[in-house]
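Note sheet for the following structure.
Just so it is clear: chains get the letters A, B, ... in the order the sequence lines come, proteins before strands, and each one is counted from 1.
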Amino acid sequence: MDQTANHIFRDLNEAQIDAVRHFTGPLLVIAGAGSGKTRALTHRIANLIETHNIDPYNILAVTFTNKAAREMKERLEILLAQKLSQNQFAQPWNTLNQADQNLLRNSIKEDKLKGLWMGTFHSLFSKLLRFDIETYQDPEGLTWNKHFSIYDESDSQSLVKEIINQELNLDPKQYEPKKIRWAISNAKNQCLSPKDLKKEAENHFENIIAACYERYKEALSRNNALDFDDLLLLPVLLLKQNSQIRDNWHRRFKHILVDEYQDTNQTQYELIKLLTTNSEDSKGFKNWDNRSIFVVGDADQSIYSFRAADFRILIGFQKDFDNDSKDQISLVKLEENYRSSSTIIEAANQLIANNTERIDKVLKPTKEKGDLISLTKCDDEISEADAITQKIRSFSSSGDKKFWNNYAILYRTNAQSRVIEQSLNRWNIPYTIFGGLRFFDRREIKDIIAYLRFLVNKSDDISLLRILNVPKRGIGKTSIQKLSQLSSQLNLNLWEIINNKETILSLIGRSSKGILEFSNLINELSAYLNNYGPAKLIQLIIEKSGYLSNLLTSATEESEERRRNLLELINAATQYQEENELGSIEGFLETAALSSEADKQQTNNRVTLMTLHNSKGLEFNTVFIAGLEQGLFPSYRSLDNPFALEEERRLCYVGFTRAKERLLLYHASERRLWGGDRETSIPSIFLSEIPKDLIKDEKQQYGGTSLRKDWHLERLPRIDRVESNTMFHKNPKNAVRRIYSGPAAGKEWKIKDKLIHTSFGKGEITHIFGKGSKISIAVKFDKVGSKILDPRLAPIRAI
DNA sequence: ATGTAGGTGGTTTTT
DNA sequence: CCACCTACAT
């Protein structure tokens with residue numbers, strides 16, 4: 001083997017070498033969980049560059065998250081720097097000092113990898129659109145320019161809502177904006193135009209949807225804005241209609257790599273096909289000289305069909321990109337798992353074997369058996385959270401002391417995190433949550449981003465409406481109504497009306513002060529647009545708009561938090577400028593719009609809480625999965641749908657295969673779904689699919705010590721409500737017992753009673769304080785000294 | 001024009 | 001349970 005390429009092929013197995021060595025033509029890499037697919041991808045890119053002298057400018061690499069792109073770039077830098085180290089210093093990489101290493105890495109990054117395009121579908125193709133969107137010829141004559149805004153889901157939804165309310169005068173209760181937005185999104189993902197939808201419409205509702213779609217598309221164009229789907233759909237339409245532009249990009253991207261290919265949708269597939277073959281039909285394409293398409297995926301980990309992903313695209317790969325030369329392989333399987341214990345692998349294999357739609361593939365463990373999989377049945381979601389917390393505490397007190405980042409707690413729905421958080425809080429265990437509210441979705445951040453977006457794109461009415469009266473300028477509903485009316489009558493953007501002093505004075509009259517104030521502000525800020533980067537501009541916006549002084553005067557805990565977040569936003573912009581030489585405002589806005597929770601940097605030494613979806617691609621020493629119950633996981637929506645159920649099973653498979661050493665599964669026999677009624681639940685079908693001999697059934701957990709108390713302390717309003725309940729006064733014990741189903745509820749305790757506590761051991765009661773709902777007892781334990789307990793909550797029993 | 005009380009309705013999963 | 005919306009009071 002080539003001496004210089006040694007570092008590229010070192011420590012790879014046979015199959016990985018096959019993948020990395022692949023040069024031209026199509027190759028499908030089926031990569032099981034933990035089989036080193038990221039390695040295969042990065043090493044192959046390095047091999048293209050070093051061995052085959054491919055200019056990174058000619059490579060397009062698609063990753064599933066921005067974070068994956070970032071990490072892959074870093075690994076690539078190091079790989080390439082290793083060779084440079086030999087050339088420049090004549091010594092191996094790992095003998096260089098940190099400064100020299102950084103020097104080399106930087107030179108690779110700044111010089112060699114300049115032209116490499118690596119990122120998510122959305123970020124890569126919005127980049128492409130910044131170049132070419134102005135050449136797109138829409139059949140309805142709609143246009144966009146390269147300063148387009150990217151609308152997120154809530155922006156899109158409010159646009160749809162506005163159309164339903166204002167333009168079509170429909171009842172939003174009958175025609176839910178959310179559902180209509182979903183239907184439009186679906187159409188876009190199938191490359192259907194409003195006209196197509198109108199033609200296909202078979203009933204009134206479908207006609208309404210088509211009408212909304214048409215107006216929505218016009219509105220987007222008026223606002224010079226695109227939604228997430230457009231970022232993929234428009235490039236497809238553009239590349240299909242304009243062969244010159246298609247030629248251009250086809251010539252440029254000679255080597256295309258796609259990670260997580262099982263989660264691509266039809267539009268994304270079209271894009272890959274167009275760029276790879278330079279024609280709408282890949283069948284006719286046979287010329288693989290100097291070109292390649294390299295996709296990596298695992299059909300068993302396809303979990304995004306709700307987002308129109310379709311793993312049959314992966315299964316069809318070899319047929320789609322048929323290559324002529326029979327001596328070339330077109331399929332490599334990475335089946336050796338380097339991550340998990342063989343117990344975990346076997347459980348995962350057995351589980352996924354219940355699916356019917358699969359590619360022949362089995363994970364082969366390389367590690368020892370390890371611990372059995374732990375299975376715990378809990379009373380309810382509170383004791384479940386508590387059981388997990390106690391488990392983490394016991395692990396971390398023995399052995400892996402305080403390595404909180406060893407642990408991940410995974411769940412099906414975001415709503416499940418709250419109870420777990422409370423339990424972790426109670427025991428001062430540090431954690432971070434991925435998911436829920438994104439940083440860029442916080443109100444204050446969205447406000448400032450809207451300013452920035454509007455400054456760049458003055459057609460963006462949605463952003464304008466968001467900031468017009470934020471902070472308060474005394475511009476109310478009626479004024480806004482008048483303005484919008486005029487804007488649609490004259491077919492002008494809102495800003496063109498607002499920015500006309502005479503119009504405002506005559507139209508609005510006495511309350512025009514705030515609007516004039518606003519237009520002055522915007523004009524002042526616009527003057528800075530070309531002179532400053534995003535960080536400085538954000539700072540100017542915050543100061544000049546009065547947003548900051550507003551936060552400072554209110555001086556509540558909340559406004560303090562908001563202020564901190566805004567500082568964090570400036571930091572993020574500064575960091576963006578440092579990482580991107582151009583540091584353009586559009587670029588920063590794009591990052592803001594397309595960044596996801598999964599991109600968040602892993603914070604050091606905290607327990608990770610996230611949905612199973614978000615855990616894809618990650619690994620943890622110890623994985624807890626909560627809520628393995630029918631109707632929760634698998635989701636109730638999948639119970640009567642075999643395809644959906646198989647996807648849930650794949651999700652479960654993803655969860656299992658995140659664990660390196662320990663996998664702990666939890667289910668509760670009762671669960672409060674939204675604070676309200678308890679519902680009894682039965683264990684998930686997936687639990688029954690794991691071989692019994694791999695499972696250690698832990699003894700049933702009773703209501704734990706922490707959370708019930710926590711509940712008592714933090715949920716005072718709830719307790720108050722119970723106390724003011726007439727039923728409580730009639731029969732206090734009864735009411736209490738209904739809330740706290742603690743094991744010792746209802747027992748009358750006396751001084752000198754002996755008892756046993758599940759974690760403190762044996763003890764004797766020394767004092768009793770209060771009575772009824774306010775009772776607590778002091779217990780002197782043999783081993784841990786005296787403790788004050790609530791006898792109705794503590795896991796104690798008399799002896 | 002703005003604030004707040006009370007009602008309503010909603011849960012998968014996300015770029 | 002909580003976020004969102006509407007209706008009424010200021």
Contact class for A/N614 (heavy atom, under 4.0 Å): base, sugar-phosphate, or nothing?
-> sugar-phosphate

Report yes or no: is the cationic atom of A/K146 (NZ for Lys, CZ for Arg) under 6.0 Å from the centre of the six-membered ring of A/F131, at an angle within 45° of the ring normal?
-> no

Phosphate contact (B/dT15 OP1 or OP2) by A/T120 side-chain N/O below 4.0 Å = no

A/H613 side chain to A/I303 backbone, donor-acceptor under 3.5 Å = yes

So what does A/K161 touch, heavy atoms closer than 4.0 Å: a base, only the sugar-phosphate, or nothing?
-> sugar-phosphate

Rounded distance (Å) that lies between atom C1' of B/dT15 and atom CZ of A/F121 | 12 Å

Quiz item: cation-pi between A/R650 and A/Y653, 6.0 Å / 45° | no

Which whole-number value in Å describes the distance from A/E590 CD to B/dT15 P?
-> 15 Å

A/K477 NZ to B/dG3 P, straight-line distance once rounded to whole Å = 14 Å

Under-4.0 Å side-chain N/O to phosphate OP1/OP2 contact, A/N66 with B/dT15 = no

From the candidates B/dT15, B/dT2, B/dT11, the one with an atom nearest any side-chain atom of A/R307 is B/dT15

May I ask you to check whether A/Y411 and A/Y666 place their ring centres under 6.0 Å from each other?
-> no

Among B/dG10, B/dT11, B/dT15, the one nearest A/E176 by side-chain distance | B/dG10

Proximal nucleotide (of B/dT13, B/dT15, B/dT11) relative to the A/A415 side chain = B/dT11

May I ask you to evaluate whether A/S595 reaches the phosphate of B/dT15, defined as a side-chain N or O under 4.0 Å from OP1 or OP2?
-> no

Distance test, side-chain N/O of A/S635 to OP1/OP2 of B/dT11, below 4.0 Å | no

Please give, in whole Å, the distance from B/dA1 C1' to A/L483 CG?
-> 15 Å

Euclidean distance, atom CZ of residue A/F434 to atom P of B/dT15 [Å, nearest integer] = 13 Å

On DNA chain B, check which nucleotide each of A/T478 and A/L651 is closest to and give me the residue with the more 5' one.
-> A/T478

Whole-Å distance, A/Q174 CD to B/dT8 P, equals 19 Å

Closest to the A/T413 side chain: B/dT11, B/dT14, B/dT13?
-> B/dT13

Taking the six-membered ring of A/F148, is NZ or CZ of A/R130 closer than 6.0 Å to its centre and within 45° of its axis?
-> yes

At under 4.0 Å, does any side-chain N or O of A/T65 touch on OP1 or OP2 of B/dT15?
-> no

Closest-nucleotide ordering on DNA chain B, the 5'-leading residue of A/R637 and A/F64 = A/R637

Aromatic stack A/Y304/B/dT14: centroid gap under 5.5 Å, interplanar angle under 30° | no

Can you tell me the distance, in whole Å, between the CG atom of A/N186 and the P atom of B/dT15?
-> 18 Å

Candidate nucleotides B/dA1, B/dT15, B/dT14, ranked by approach to the side chain of A/S479 - the nearest | B/dA1

Atom CD of A/E679 and atom P of B/dT11 are separated, to the nearest Å, by 16 Å

From the options C/dC2, B/dT14, B/dA1, select the nucleotide whose nearest atom is closest to the side chain of A/R418.
-> C/dC2

Heavy-atom pair of closest approach, residues A/L159 and A/N223 = CD1-ND2, 4.1 Å

Should we say atom NZ of A/K127 is surrounded by more than 12 heavy atoms from elsewhere, each under 6.0 Å from it?
-> yes

Select one nucleotide: of B/dT15, B/dT14, B/dG3, the one nearest the side-chain heavy atoms of A/E153.
-> B/dT15

Using a cut-off of 4.0 Å on non-hydrogen atoms, how would the nucleic acid contact of A/I475 be classed: base, sugar-phosphate, or nothing?
-> sugar-phosphate

With the side chain defined as heavy atoms from C-beta on, A/N414 is closest, among B/dT2, B/dT13, B/dT15, to B/dT13

